[in-house]
Amino acid sequence: MAPSPTGPLHIGTARTSLYNFLFARHTGGTYVLRIEDTDTARSTVEYERDIIDNLRWLGITWDEGPQVAGGEDIGPCGPYRQSQRMELYAREADRLLASGHAYHCWCTPEELEAVRQEQAARKEAPRYDGRCLRLTDADRERFEREGRQPVIRLKVPPEVIRFDDLIRGEVEFDNALLGDFVIVRANGVPLYHFVVVIDDEAMGITHVVRGEDHLSNTPKHIALIRALGYTQPRFGHIPLILNPDRSKMSKRKSQTAITAYREEGYLPEAMVNFLAFLGWSPGTEEEIFSLEQLADRFEIASVHKGGAVFDAERLNYLNGVYIRNLTDDQLALRLRPFLPEALEDASVLRAVPLVKERLVRLADAPELLAFLTETDAQVSALYEPDALLPKGRSHAEVASALATVRDALAALGDADFAADLLETRSRAIGEEMGWKAGDLFRPLRLALTGRSVTPPLFGSMELLGRERVLARIDAAIGKLVEAGGPTT
RNA sequence: GCCCCCAUCGUCUAGAGGCCUAGGACGCCACCCUUUCAAGGUGGAGAUCACCGGUUCGAAUCCGGUUGGGGGCACCA
């Protein structure tokens with residue numbers, strides 16, 4: 001797997017990494033991570049860190065490659081950052097130049113653009129016309145005197161390239177249509193197509209599994225492999241992950257950064273399960289799989305050929321499943337970073353059963369439990385007194401009903417303030433007064449939490465504790481009396 | 001424009017010639033459960049397997065074409 005640190009770990013890169021990982025684990029292979037940072041202008045250590053950290057977060061581990069951003073490598077073929085392998089690339093470029101497989105090109109961007117324009121006008125494929133191949137020594141001397149720095153281009157032989165793709169089977173390209181592409185920039189920094197091929201050989205890569213967007217780059221790589229006299233690896237091109245409009249998933253139209261999903265509280269297990277099924281299935285109707293189970297079942301040949309739309313709804317569903325499958329202790333631990341520090345660990349643990357089956361993402365928890373850390377005044381400010389009124393009930397009636405409940409609850413000691421008992425007492429009072437349970441519980445819920453959608457009422461009361469429950473009911477009664485005008 | 005790839009419910013997919021009057025899941029709808037919201041349960045709508053030809057006793061499955069979609073054609077990766 002060879003990500004480029006020019007942005008945070010992308011969903012598509014994560015999925016490609018996952019497939020590489022599963023393929024390597026399933027077949028007993030060696031999984032190599034290589035950082036492709038030849039685009040020095042856009043590559044940063046921060047992005048490298050984001051990629052490494054989030055790959056780890058997903059549970060994807062590699063046998064060879066950088067272990068820490070900017071840090072040490074593990075493996076016999078290092079360094080695993082291309083920025084640290086420049087001598088090798090320079091050597092191979094010289095070799096290609098010497099053998100006549102590559103040549104210098106002095107064309108300026110303007111000249112190249114002009115050629116492209118002409119070709120476009122003639123409705124031809126845009127490609128380099130090889131003009132620098134016909135340069136005289138005098139031309140070259142003149143360019144050098146002008147201070148022009150040449151790029152190096154591969155002389156691409158006009159031949160038909162065929163290869164057996166791991167996923168797509170036989171694929172065929174005509175390299176006569178390709179044009180001599182640049183392999184080393186004018187500033188001496190080599191380009192992606194060139195270094196990939198060199199490193200794959202140097203690192204003993206036998207299988208290249210990458211996105212379908214590289215399918216049409218493969219003939220370039222094969223041309224390079226042949227010019228350099230390398231061994232050709234097997235290629236496998238996995239389908240793209242798509243935006244809802246079926247275009248290649250992009251930052252513009254979708255959330256593509258894995259970090260963002262992590263921050264919203266998606267579990268790595270859910271993410272992995274979801275990603276694995278975007279383009280692959282075990283061929284059965286099972287759909288919940290751990291990373292280990294996936295590695296056990298994954299077959300590269302049964303990866304699909306067509307692209308798959310990223311369906312956030314389905315991810316949400318899976319995340320919920322994984323959250324519900326956690327033990328209370330585990331969930332409390334995962335929830336901790338998402339909740340305010342003011343909420344102590346013991347309370348988090350006690351709150352877990354209340355929120356567990358209501359969570360889609362971990363980041364949904366703070367809103368669900370906000371009433372626990374908000375002050376009584378804050379809660380009271382969240383609702384209008386009229387919102388406490390069930391249909392057909394007056395301010396005075398509701399105030400009186402709440403007061404009755406309040407007094408009954410006040411009769412309970414701190415130790416008896418448990419959900420079961422609270423519910424029994426409250427229901428009994430509702431019955432005595434001839435109130436429908438919902439009509440009584442709705443204003444109670446609003447009074448206690450300031451919200452109409454909350455975790456179960458009596459469990460919430462238990463967490464709030466006697467004192468705050470009574471205070472908040474009192475506050476609600478106060479608001480009702482004030483809004484109800486003079487009582488008769 | 002040129003080259004390449006792809007094509008089963010809205011979405012993710014099962015399906016490798018008869019098991020398919022096409023199965024599952026998400027989403028959607030209804031009902032049940034229920035103090036709200038969820039979760040859970042039950043049921044339902046939803047795909048003439050893109051289209052047209054062919055091969056075959058028989059095709060979603062094989063072949064050809066058409067259409068549609070996507071990707072690539074950089075001194076990005």
Look at all strands and tell whether [X] reaches a base, only sugar-phosphate, or nothing, counting heavy atoms closer than 4.0 Å.
X: A:F181; value: nothing
X: A:S216; value: base
X: A:D39; value: sugar-phosphate
X: A:T38; value: sugar-phosphate

Distance test, side-chain N/O of A:R185 to OP1/OP2 of B:A77, below 4.0 Å: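 The answer is yes; a side-chain N or O of A:R185 sits under 4.0 Å from OP1 or OP2.
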So, is A:R127 near the phosphate of B:C2, with a side-chain N or O under 4.0 Å from OP1 or OP2? no
If you assign each of A:D245 and A:A2 to its closest nucleotide in RNA chain B, which residue comes earlier from the 5' end?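 The 5'-side residue here is A:D245.
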Of A:L178 and A:P190, whose closest RNA chain B nucleotide lies nearer the 5' terminus?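 The residue closer to the strand's 5' end, by nearest nucleotide, is A:L178.
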For A:R246, which residues count as a side chain to side chain donor-acceptor pair (under 3.5 Å) partner, sequence neighbours excluded? none
Please name all residues satisfying side chain to side chain donor-acceptor pair (under 3.5 Å) with A:D165, sequence neighbours left out, ordered by chain then number. A:H237
Nucleotide opposite [N] in a Watson-Crick or G-U pair, distances under 3.5 Å:
N: B:G10; value: B:C26
N: B:C62; value: B:G54
N: B:C73; value: B:G1

Would you mind reading off the distance between [X] atom [atom1] and [N] atom [atom2], rounded to a whole angstrom?
X: A:I429; N: B:U35; atom1: CD1; atom2: P; answer: 16 Å
X: A:L112; N: B:C76; atom1: CG; atom2: C1'; answer: 16 Å
X: A:E172; N: B:C4; atom1: CD; atom2: P; answer: 8 Å
X: A:K251; N: B:A77; atom1: NZ; atom2: C1'; answer: 14 Å
X: A:R81; N: B:A77; atom1: CZ; atom2: C1'; answer: 17 Å
X: A:E118; N: B:C2; atom1: CD; atom2: P; answer: 19 Å
X: A:Y47; N: B:A77; atom1: OH; atom2: C1'; answer: 14 Å
X: A:F173; N: B:C2; atom1: CZ; atom2: C1'; answer: 13 Å

Determine the interatomic distance between [atom1] on [N] and the same-named atom on [M]; round to the nearest Å.
N: B:C28; M: B:C19; atom1: P; value: 33 Å
N: B:A30; M: B:C52; atom1: C1'; value: 41 Å
N: B:U66; M: B:G10; atom1: P; value: 26 Å
N: B:U48; M: B:C33; atom1: P; value: 37 Å
N: B:G18; M: B:C3; atom1: P; value: 37 Å
N: B:A16; M: B:U56; atom1: P; value: 23 Å
N: B:A14; M: B:G53; atom1: C1'; value: 28 Å
N: B:C63; M: B:A22; atom1: C1'; value: 23 Å

Those residues that, when tested against [X], pass side chain to side chain contact (heavy atoms under 4.5 Å, CB included) (two or more places apart):
X: A:R116; result: A:L112, A:E113, A:Q119, A:P126
X: A:V151; result: A:C105, A:R153, A:V182, A:A186
X: A:L446; result: A:Y383, A:A387, A:L388

Would you mind telling me which of A:L315, A:N243, A:L242 makes a side-chain contact (heavy atoms from CB on, under 4.5 Å) with A:F310? A:L315
Treat primed atoms plus P, OP1 and OP2 as sugar-phosphate and everything else as base, then score nucleotides 6-17 of chain B 5' to 3': B for base contact with protein heavy atoms under 4.0 Å, S for sugar-phosphate contact only, - for none. S----BBSSS--
In terms of side-chain heavy atoms of [X], which of [options] is nearest?
X: A:H193; options: B:C26, B:A77, B:C75; value: B:A77
X: A:V182; options: B:G71, B:C75, B:U34; value: B:C75
X: A:A186; options: B:C26, B:U35, B:C75; value: B:C75

SB check A:R34 A:D200 (cutoff 4.0 Å): yes
I'd like to check the ring pair (Phe, Tyr, Trp, His ring centres under 6.0 Å) partners of [X]; sequence neighbours left out, ordered by chain and number.
X: A:Y103; result: none
X: A:W62; result: none
X: A:H207; result: A:F23
X: A:Y266; result: A:Y261

Give a yes or no on whether a donor-acceptor pair under 3.5 Å exists between the nucleobase atoms of B:A77, that is its base, and the side chain of A:N217. yes
Please enumerate all protein N or O atoms sitting under 3.5 Å from an N or O of nucleotides 36-42 of chain B, with distances to 0.1 Å.
unit_1: B:U36; atom_1: O4'; unit_2: A:R445; atom_2: NH1; d: 3.3
unit_1: B:U36; atom_1: O2'; unit_2: A:S452; atom_2: O; d: 3.2
unit_1: B:U36; atom_1: N1; unit_2: A:R445; atom_2: NH2; d: 3.4
unit_1: B:U36; atom_1: O2; unit_2: A:T454; atom_2: N; d: 2.8
unit_1: B:U36; atom_1: O2; unit_2: A:T454; atom_2: O; d: 3.0
unit_1: B:U36; atom_1: N3; unit_2: A:R445; atom_2: NH2; d: 3.4
unit_1: B:U36; atom_1: N3; unit_2: A:T454; atom_2: O; d: 2.7
unit_1: B:U36; atom_1: O4; unit_2: A:P456; atom_2: N; d: 3.4
unit_1: B:C37; atom_1: O2; unit_2: A:R358; atom_2: NH1; d: 2.9
unit_1: B:C37; atom_1: N3; unit_2: A:R358; atom_2: NH1; d: 2.3
unit_1: B:A38; atom_1: O2'; unit_2: A:E357; atom_2: O; d: 2.4
unit_1: B:A38; atom_1: N1; unit_2: A:E357; atom_2: OE2; d: 3.3
unit_1: B:A39; atom_1: O4'; unit_2: A:E357; atom_2: O; d: 3.3
unit_1: B:A39; atom_1: O3'; unit_2: A:R324; atom_2: NH1; d: 3.3
unit_1: B:G40; atom_1: OP1; unit_2: A:R324; atom_2: NH1; d: 3.4

Between A:F441 and A:F458, is the ring centre distance below 6.0 Å?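 Between A:F441 and A:F458, the centre distance is under 6.0 Å.
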Polar atoms only, N or O, under 3.5 Å: list the protein pairs with nucleotides 19-22 of chain B and their distances.
none

Assign the ring pair A:Y192 / A:H221 to parallel, tilted or perpendicular, where the plane angle (0 to 90°) is split at 30° and 60°.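 It falls in the perpendicular class, over 60°.
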Regarding A:R15 and the six-membered ring of A:Y19, is the cationic atom NZ or CZ under 6.0 Å from the ring centre and inside 45° of its axis?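 Yes; both conditions hold, so A:R15 lies above the ring face of A:Y19.
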